[in-house]
Amino acid sequence: MKISVNQARPLVEKGIAVLTQLPKWIPSDLATDAPLLGNGDLGAVVGGDGAKQVFYLGKNDFWAQVHLAESWEQRSERLLHKEGRRSGTRIVAAGWLEVEVPQLKGCTYHAEQDPYLGEVRGIYQKGEAAACYTSVICAEQNTLIVEVENTGSVVLNLHFSTMPGVYDTAEIYGYGDGVREDTVWVEYPAEPYHLPGRRWVYTSVTADVPTRYESTRMIRKGGYFDLEPGQKGHILLTMLSDLDSPDAKEEAHRLCAASRTGWKDLWGAHRKWWEQFWCKSIVETGNDILDSFYYASLYILASATRAGKVPPGLFGPWITTDRSKWTGSYTLNYNYQSPFFCLYSSNRQELITSYLEPLLDIVPVGRLYAREKFHRPGICLPVEIGPWGTVCSSIFHHQKTNAAYCCCNIFMHYFSTRDKEWGRKAYPFVREVADFWEADLLWEPEQNRYSVVGDSLHEEYWRDTGEKNNTHGLGLVRMVMKGILQMSLELGLDEEKREKWQHILDHLAAFPVFERNGQKVFRFNEDNYAWRDRANGSSIKFIYPFNCIGLESEPELLEIARNTVVQKDIFDNGNAFCEYTVMCARVGREPQLLYDKLIEQCGLHAMPNKYIWHGGGGIEDANGVPNGINEMMLQSHEDILRIFPVWPKGKDARFTNLRAYGAFLVSSSITNDMVDFVQVESEKGRELTIDLPWEKTLVQVGEDAPYEVGASRLTIPTRAGETIQFRSK
């Protein structure tokens, strides 16, 4: 269904973040409360005020890699026998740009982070001196544009300067800088010059007004210009890495110099990109707070990741220190995967196609661990990895399931798009995971079952043996075997393996159950502890995102799952917020409670920039609101479309173009507790099964005449590109 700008813009603008106090968490080795800019590769945290505005620059592909000086033999020895925490690859700060205006010292502070336009605006005043800053990182080019308008009645004297690395640190290893043809340039390696594979960034800065450059200054090179009242000036910074261009230094200089006259075109293309992004899907929840954080969260994710670029680590491209917590890694026991779940259901899956690249690159290391550490075929991965086949920490925490967890996003992407080309690219990773678990599962003939052994549910690295049949491991193995069977069949691969995979799926140990507080609930594991007061979502991830239980499950199983979710009660948990609402929605927990708890969490844990942060990680909390809302409005993981399956009474709402399993785009609305219509667009022509929300339904396929249906569930064939309309009779 086509979405117009007039439909999208008023909703998205609810997500504007207004900041009236200077940010406090900057620099930060965690998340930050400052305004954010990004294009999925280059990011900027906007700190300070009009007197000294600092743009802290990070880049998703700028990582220090300690293994570059090692041979494969030396590296293998270290990976297998030296489990030093945070001893490997880590993301580092790329640089910064500072803009100083002495006339504004002591000015008032007002900033707005605008998701619809993808820009940050600042309004600053000190007596007769006043300025308006408007800043963007161009959506389609790594250029930061800082527009400064003199809105006061006195001349403003601007000084801009730049350096690499961490802000306000003069002793930066290995960098070079200079002034060239009205631009300031900086080059900066993340590792020593001679090491092959080291990352470089090249920065070029200029201005579009007459500027006096500082060619002889030892550090903080930059320039000066003046702005008369009513005048605007633009500072333009381009940053590229050696991955962006074969000659990134020359290309950064060329693009930056061209931006002096071409910045309007860049800005126009930037706004067009964001306009098109917001028209991919929309929702309206009936609550301004939820709408606000829905779109603010999508803005954060769209600013953090982009197709064809290195995917973001824990804190996205907003890196303000060389020592981010947990190395800023791809943390595989949930953090790397969970930020992006809502992008599939929100019909923005193209943003995260590069999610797959680090997984394919790490396969040789995964084989090394599987063979030498566990004596198994296939792959097994530690908790923290980085890009290009690197490892951040060689620690497993006795969790053998990290590689399996990575398959969540592969299955979500494939089953919601049915993109066979992408599926064939992803399939080898899934096959490596399946090979490991096929060999690692314990067959118990007396019980006619396969069991998961030697794996820990939590990060319990002090345990020697793990627990038998913990729900986390059982859920992941079920997910992997079910998923690879479907992919194998649809892609025409590994026919000879399907019988074995099906046997594992049919004979995998059941989720263990016990009685607690007078109710049957799922145990944490079969042979050790049944329950823990320590709260997080690991023990119920088999519900979601592993998709083992849903509204189609057997009633008794569904009741046990619902009891377990209720007794866990982890709405306000540091590691669970990004997934817990969906866990509850998948088992039909009280809709009004879920709705109210999402609103509550926005109030409890949102920073002024609308970045929700519980402290358990980084950008994954941006998944919490949009994915929770999407699943309350539409569920499809069981290949059955359910329209507003877990939606509170008395809340009018609508959604347009949410993506469902089977490659369907679905639109609907609800008014006075009655669904108004359902429209389904079929991308791949697959069979459609839908639970109809009316006793009698009119079905119209394309331009054909409508026909009446009296059933509550309907299964019909579709053709690619076909639209099916459903309305009450």
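Everything numeric in this text was worked out from a predicted model, so none of it was measured. Note that the numbering runs from 1 along the sequence shown for the chain.
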Between CG on residue L97 and CE on residue M163, distance to nearest 0.5 Å: 13.0 Å

CH2 on W200 to CG on D61, rounded to 0.5 Å: 14.5 Å

Pairs touching [range] that satisfy salt bridge (charged side-chain N to carboxylate O under 4.0 Å, His left out), sequence neighbours left out:
| range | answer |
| --- | --- |
| residues 329-341 | none |
| residues 320-334 | D29-K325 |
| residues 87-99 | E98-R220 |

Mutual orientation of the aromatic rings belonging to W267 and H234 [parallel < 30°, tilted 30-60°, perpendicular > 60°]: perpendicular

Mutual orientation of the aromatic rings belonging to W273 and F277 [parallel < 30°, tilted 30-60°, perpendicular > 60°]: parallel

Over all heavy atoms of both residues, which pair between [X] and [Y] is shortest? Give the atoms and the distance, please.
| X | Y | value |
| --- | --- | --- |
| L266 | C138 | CB-SG, 3.8 Å |
| T211 | A207 | OG1-CB, 3.4 Å |
| C279 | A8 | SG-CB, 4.2 Å |
| W63 | C392 | CZ3-SG, 4.2 Å |
| L37 | S135 | CD2-O, 3.5 Å |

Do you see a donor-acceptor pair shorter than 3.5 Å between the side chains of [X] and [Y]?
| X | Y | result |
| --- | --- | --- |
| Q601 | H614 | yes |
| E149 | T151 | no |
| Q103 | N157 | yes |
| E112 | H110 | yes |
| T320 | S28 | no |
| E620 | Y334 | yes |

Side chains of [X] and [Y]: does their closest heavy-atom pair fall under 4.5 Å?
| X | Y | value |
| --- | --- | --- |
| P312 | F340 | yes |
| Q53 | V46 | yes |
| I26 | Y56 | yes |

Salt bridge (charged side-chain N to carboxylate O under 4.0 Å, His left out) between D41 and K59, intermediate numbers included: CA-CA 6 Å; D41 178 33; K59 207 165 182 301; 3.0 Å; yes

Are [X] and [Y] close enough for a salt bridge, meaning some N to O gap below 4.0 Å?
| X | Y | result |
| --- | --- | --- |
| E119 | R121 | yes |
| E350 | K280 | yes |
| E187 | K249 | yes |
| K221 | D177 | yes |

Centres of the [X] and [Y] rings: under 6.0 Å?
| X | Y | value |
| --- | --- | --- |
| Y336 | Y330 | yes |
| F571 | F577 | no |
| Y224 | Y213 | no |

Trace of the side chain to side chain donor-acceptor pair (under 3.5 Å) decision for E459 with N333: CA-CA 9 Å; E459 293 179 342; N333 60 0; 2.6 Å; yes

Residues which pass side chain to side chain contact (heavy atoms under 4.5 Å, CB included) with P608, listed by chain and number, not counting sequence neighbours: L19, D33

Steps toward side chain to side chain donor-acceptor pair (under 3.5 Å) verdict (D572, H605): CA-CA 9 Å; D572 193 33; H605 294 284; 2.4 Å; yes

Sequence neighbours excluded - ring pair (Phe, Tyr, Trp, His ring centres under 6.0 Å) pairs with any residue from residues 22-55: W25-W613

Salt bridge (charged side-chain N to carboxylate O under 4.0 Å, His left out) involving E140 - partner list, sequence neighbours excluded: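 If we apply the salt bridge (charged side-chain N to carboxylate O under 4.0 Å, His left out) test to E140, skipping adjacent residues, there are no hits.
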
Charged tip of K610 within 45° of F293 ring normal and under 6.0 Å: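 Yes - K610 lies over the ring of F293, closer than 6.0 Å to its centre and within 45° of its axis.
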
